[in-house]
Amino acid sequence: MSLWNNSIDEFCGGASRASFEGFRPMEDLNSVVRERLEKAAELERQNVALYPNGYQVPDRIKQLLANSLGKKAEELEADETAYTIAGRVLSVRSFGKSTFMHLCDSDSKIQVYLQKNQIGEDGYALAKRIDIGDIIRVGGPLFRTKTDELTLLVKDFTLLTKNLRPLPEKFHGLKDIELRYRQRYVDLMINEQVRETFRKRARIISTMRRFFAERDFLEVETPMMHAIAGGATAKPFKTHHNALDMDLYLRIAPELYLKRLLVGGFERVFELNRNFRNEGVSTQHNPEFTMVEFYQAHATYEDLMGLTEELFGLLCREVNEGKTSLEYQGDVIDLSAPWARYTFLESLSAIGNVPREALESLEGAVGYARSLGIGMERFEGHGKLLTKIFDLVVEPRLVQPTFIYQYPLEVSPLSRKTEGAPEFVDRFELFIAGREMANAFSELNDPRDQRERFERQIAAFQAGDEEAHQMDEDYIRALEYGMPPAAGEGIGIDRLVMLLTDSPSIRDVILFPHMRPEKKGL
RNA sequence: GGGCCGUUAACUCAGAAGGUAGAGUAUCUGCCUUUUAAGCAGAGAGUCGCCGGUUCGAAUCCAGCACGGCCCA
């Protein structure tokens, strides 16, 4: 007992003070951490740097694997070329005078072999002090073991970073969902498929940027902090600007700013960034989430259907080995164009089996909604009620990609009215795997109509609808200058990544999902 | 906000009916120069989420709270 106490003392405040100025032991010191601390102190006493830098690492494991693909043992044996790689030690199999380790760098893993007669008595003694979780640099030629595994025969090695906390169990990995999200760094270290998910996320986003760039869309950045939270129906987060002494809202959507850019003359714009909505957290919702919104002048929502089919097909092939179909949570989903299209009302009757009287009158809808257990607020009209019915009886059944178009005017305050059907708008939503994936419409560019819509929203707000739009006078003014006819669309990136990576929860595709703070001391 | 479930060693998990906690991995010691969930022998490691209550006695039963998960609104 007193042995490790003394050693920790030395490590934290005694002999090693110079190199550990300010270092304090963690509160949850367990026996393994104590032993690591002691081992680290011992290494420092032997003048082994625990956190050196400046070492060159010319080779990547991925390259070594690629270059050696198909090379026979004899072929490798004959090649004396030494390679130098660095990575985290993930496993150790140690014998009396030799040791195997697996080393992992950012995208690949390779076995390395340390032998006493290669690195000498002192070198091997130091090698024995390497722990799982340490980051090391090794150099030497490649060979194949008896079991034909490509392995680097270590001629020299350097400790680059000492690990002080044991890694999770090698076989089961880190399973505890809470720990995986709170300590994503450990999750990423241990669970290769998690790293792969986030690599795919990056690829999806960069492919999307390229897709829009190729079509002459300009990427822009509009404000995250809004004086009026507009562009969607959602509750915003409120914040305060001290110097200006004014309340601001984190944006719920960039829409109204992007359309101001159409007015300004940028005819194709997109923004791919975060939105914030002050609502519940679930497998589908994170308070901050990523959206791409894009606007194209002289296009209609029907044009965007084709563009969306093209984009989703491309993204799917990009992360899914060139295939245009994928499996999501057991369902095979075919993203090949063209996708099914139903008007909103058609879908209610054809897919949701909603009776005609519910579609034709508010009274009919109220009665039917009640039979489904759907409540109704005073400020809600027929259109709003039908969307609630839709969410319950149609949306979950839209597993294969489906466009639902011609939405009720009441729930679409920024969309152009459908010609000849003024209670409906030129808008579609895309559903895949029972979830809304995109929302698009031909943009309302008549300032008189837009003002009326805002006024209806304000009436709804006054009647108690907290999510209703506020009046945005500057946006009306912009429309008065003239916004070209245009169509715009928003796609939820997180849900898209969930779909393309077969992830059941939005938290699986967000690196650091929102969590309540942990109360326990670290 | 409501319902159900979970929280035990650093990790993955056992602990019917109340009697002061176990395994595997990891760690430490010894043996071991082609292993790969290496092996063999031994050892250490726990505020059983927190706080109350019932009881001679609580990881276990009860109430509350915290955090998390799933479902619902």
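Chain naming here is simple, since letters A, B, ... match the order of the sequence lines and numbering starts at 1 in each.
Within 4.0 Å of K175(A), counting heavy atoms only, lie sugar-phosphate atoms of the nucleic acid but no base atom. If you check every strand for non-hydrogen atoms under 4.0 Å, L179(A) touches sugar and phosphate atoms only. Looking at heavy-atom distances under 4.0 Å, T283(A) makes contact with sugar-phosphate atoms alone, never a base. If you check every strand for non-hydrogen atoms under 4.0 Å, F143(A) touches a base. Counting non-hydrogen atoms under 4.0 angstrom, N117(A) reaches a base of the nucleic acid. G173(A) comes within 4.0 angstrom of sugar-phosphate atoms only, judged by non-hydrogen atoms across all strands, and of no base. Backbone-only contact: R507(A) has heavy atoms under 4.0 Å from sugar-phosphate atoms and none from a base. Contact annotation for R180(A): no contact, since no heavy-atom pair falls under 4.0 Å across all strands.
In this structure, R165(A) does not reach the rC11(B) phosphate: none of its side-chain N or O atoms is under 4.0 Å from OP1 or OP2.
If you check the side chains of R144(A) and S68(A), you find no donor sitting under 3.5 Å from an acceptor. With no hydrogens or angles considered, no side-chain donor-acceptor pair links R456(A) and H469(A) at under 3.5 Å. Remark: the Y181(A) side chain and the D508(A) side chain contain an N/O donor-acceptor pair separated by less than 3.5 Å. Side-chain polar atoms of Q329(A) and D502(A) form a donor-acceptor pair below 3.5 angstrom.
Map Y181(A) and G280(A) each onto its nearest nucleotide of RNA chain B; the residue landing nearer the 5' end is Y181(A). Of the two residues contacting RNA chain B, namely K116(A) and D131(A), the nearest-nucleotide position lying further toward the 5' end is that of D131(A).
Using N1 to N3 plus N6-O4 or O6-N4 for Watson-Crick, or N1-O2 and O6-N3 for G-U wobble, each under 3.5 Å, rA21(B) pairs with nothing. With both pairing distances under 3.5 Å, rC51(B) is matched to nothing as a Watson-Crick or G-U wobble pair. Judged by Watson-Crick or G-U wobble contacts below 3.5 Å, the nucleotide rC70(B) has rG3(B) as its partner. In a base pair of the Watson-Crick type (N1 to N3 plus N6-O4 or O6-N4) or a G-U wobble (N1-O2 and O6-N3), with each distance short of 3.5 Å, rA14(B) is matched with no nucleotide. With both pairing distances under 3.5 Å, rG39(B) is matched to rC31(B) as a Watson-Crick or G-U wobble pair. For rA58(B), there is no paired nucleotide, since no Watson-Crick or G-U wobble pair has both relevant distances below 3.5 Å.
Atom CZ of R34(A) and atom P of rG44(B) are 14 Å apart (whole Å). Separating the CD atom of E178(A) from the C1' atom of rG68(B) is a distance of 4 Å, rounded to the nearest angstrom. Taking atom CZ on R516(A) and atom P on rC50(B), their separation rounds to 20 Å, with Å as the unit. Taking atom CZ of residue F95(A) and atom P of nucleotide rG39(B), one finds them 10 Å apart after rounding to whole Å. Remark: P of rA10(B) and CD1 of I190(A) are 17 Å apart, rounded to the nearest angstrom. Rounded to whole Å, atom C1' of rC71(B) lies 15 Å from atom NE2 of H285(A). Rounded to whole Å, the distance from NZ on K39(A) to P on rC28(B) is 4 Å. Going from atom CG of N163(A) over to atom C1' of rC11(B) covers 13 Å, rounded to whole Å.
For rA10(B), the base adopts the anti conformation, since its glycosidic angle falls more than 90 degrees from zero.
Among rU27(B), rC11(B), rU34(B), the nucleotide with an atom closest to any side-chain atom of I132(A) is rU27(B).
A salt bridge links E192(A) and R195(A); the closest N-O separation between the charged side-chain nitrogens and carboxylate oxygens is under 4.0 Å.
Stacking annotation: F100(A) is stacked on the base of rU35(B) (ring centroids less than 5.5 angstrom apart, interplanar angle below 30 degrees).
Note: F431(A) and F390(A) have tilted aromatic rings, judged against thresholds of 30 and 60 degrees for the angle between ring planes. By the 30° and 60° cut-offs, the orientation of the rings of Y113(A) relative to F100(A) is parallel.
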